[in-house]
Amino acid sequence: MSCTIGIINYGIAGNIHSIKKSILKAGGDVKIINTKNDFSNIDKIVIPGVGSFKDAMNELTKNDLLDNLKKFIKIKPTLGICLGMQILSSIGFEYGKTQGLNFINAEVKPIIVDAKVPHVGFNEIEVINSNKLLKGLEEEEFYFMHSFEVVNYTNIVSLTEYAGHKFVSSIQKDNIYGVQFHPEKSREAGIQLFKNFIEL
Amino acid sequence: MNNKVATRIIAKLDIKPPYVIKPIHFEGLKKMGFSTDFAKKYYEQGADEVMYIDIVASLYQREILKDEIEKTANELFIPFGVGGGVRSIEDFSSLFHIGADKVIINTYAIQENPDIINKAAEIFGSQAVVVNIEAKKWDNWYECYTDCGRIQSKKDVLKWVKEVEQRGAGEILLQSVDYDGRERGFDLELSKKVVDSVKIPVVVSSGAGTLEDIKKLIEYANPSGVAIATLLHYNKFTISDIKKYLKDNDIKVSR
């Protein structure tokens, strides 16, 4: 069964290259979504994650992707990565207060911890509610690179501890998945995560 | 005090495209091999990241050579930092599009326009903006150098790192003009001062000659990462040797 994954390209700030590479290695096909008309013939959606919350939402609006993206998230399995997970939330507080895509009842706030921020590096995940995306990956390490965290009280799949502070490292609500870490930067474990996503 | 957060072990490639070269005090270049081969090797050895710095782009004031960077990125499924000759937001953007996860900047920010740090952080997020420091030690202060350790800036390292943090940089790459490539250990005092001056992660480079040098650096200064070049390029140790040695000495590293 072939599976075509649409990667949302929101202008200047997307790092679609490495995600595309990982999906291809995992055995999927990729279609880059540049305009609102590119949503046809895709099975799943990946929202990548480089940039700031405010800029990401601005770019989605500016490129007229917002309405169709919201429409398709409701019906297609969707994976938000890092910032892509964060903008699934209701509100973000990076460079001011910005309205998010509002699929997850959560706020995105700066990490407050007695250690270096951004939190950068490989770290473990503590799975609270196992799901298909993380199947077989419960003991793996993943690469994190972020200064903000999703603060929510529902839809939590895993937590990660950084310098004594636990934050939400993955979420799921129905067909919507989010990971704070970068599977495309997490060696073989990351490729396996994309395989799991393809097989959903 | 040991580290409570895993210290990243990073392979650093100093590049004169398409070659990995080994500079000594940033001078006396020796060609070691192709960047793609080196990147792949260090990825397979378990590096936490790879940094690619075109060390002549700024000096020659030529554009960044993207083909080599893209080819190197294609070998990696770990974070990839790229720098050398970055002068504009368009440079940042095009590097992200060919596979960079972080962009490393020095010369243009310090000699011409520090506002590029603010602008890049706002557009791409702080975590994607790394400021490279090439520190030169004087009697009682450290000066920032640019263009691969050749040009003075008159800026004080400890003031500059605070300034770039305020401007939104997400990470510091700290190199020492005096210690680089000599394999006699790191500048421990400088490293500690810089790590303690800022809240953002500091990756220390320049000077590893033995495994013990790396251990001493982590124990003394607790940097977020250590970037290794010479030790790896000459196959003295692999990334896995380094990680195993550190683990055996109760220093936390990733698997």
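Labels below follow one simple rule: chain letters A, B, ... track the order of the sequence lines, proteins then strands, and each chain is numbered from 1.
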A:Lys71 atom NZ, over 12 foreign heavy atoms within 6.0 Å: no
Other residues, nucleotides, ligands: >12 heavy atoms within 6.0 Å of B:Lys215 NZ: yes
For chain B, which candidate among A:Tyr95, A:Phe122, A:Phe148 shows the most heavy-atom pairs at distances under 4.5 Å? A:Tyr95
Top contributor to chain A interface from B:Gly99, B:Gly170, B:Pro79, B:Ala73 [non-hydrogen pairs under 4.5 Å]: B:Pro79
Can you tell me which portion of A:Ile191 sits under 4.5 Å from chain B's heavy atoms? Options are side chain, backbone, both or neither. side chain
Need one label for B:Glu122: side chain, backbone, both or neither, based on atoms under 4.5 Å from any heavy atom in chain A. both
Please check if the side chain of A:Glu141 supplies one atom and the backbone of B:Arg255 the other of a donor-acceptor pair under 3.5 Å. yes
Turns out that what part of A:Tyr162 lies under 4.5 Å from chain B's heavy atoms comes down to side chain
Side chain proximity check, B:Lys102 to A:Val120, heavy atoms < 4.5 angstrom: yes
Heavy-atom distances under 4.5 Å only: say whether A:Lys20 touches chain B with side chain, backbone, both or neither. neither
Under a 4.5 Å heavy-atom cut-off, does chain A meet the side chain of B:Phe92, its backbone, both or neither? neither
Within 6.0 angstrom of B:Asp248 CG, more than 12 heavy atoms from elsewhere: yes
CG (B:Asn74) and OG (A:Ser18) are apart, to the nearest 0.5 Å, by 10.0 Å
If you draw a 6.0 Å radius around NZ in B:Lys40, do more than 12 non-hydrogen atoms from other residues or ligands fall strictly inside? no
Does atom CG (A:Asn105) have a neighbourhood of more than 12 heavy atoms from anything else shown, all under 6.0 Å? no
A:Lys21 (side chain) donor-acceptor with B:Leu76 (main chain) under 3.5 angstrom: yes
Does B:Asp67 CG have over 12 foreign heavy atoms under 6.0 Å away? no
Flag, side chain of A:Lys116 to backbone of B:Pro223, donor-acceptor distance under 3.5 Å: no
Chain A interface, residue from B:Pro201, B:Ala120, B:Ser94 that has the most non-hydrogen pairs under 4.5 Å: B:Pro201
Under 4.5 Å to a heavy atom of chain A? For B:Ala47 that would be backbone
For A:Lys31, look at atom NZ and say whether over 12 heavy atoms of other residues, nucleotides or ligands are found less than 6.0 Å away. yes
Contact leader toward chain B among A:Glu184, A:Arg187, A:His146, A:Glu161, where contacts are heavy-atom pairs under 4.5 Å: A:Arg187
To the nearest 0.5 Å, what is the distance between NE2 (A:His17) and CG (B:Asp101)? 10.5 Å
In short, A:Asp55 meets B:Ile123 closest at the heavy-atom pair OD2-O, 3.5 Å
Part of A:Ser22 within contact of chain B (heavy atom distance under 4.5 Å): both
Does B:Lys159 NZ have over 12 foreign heavy atoms under 6.0 Å away? no
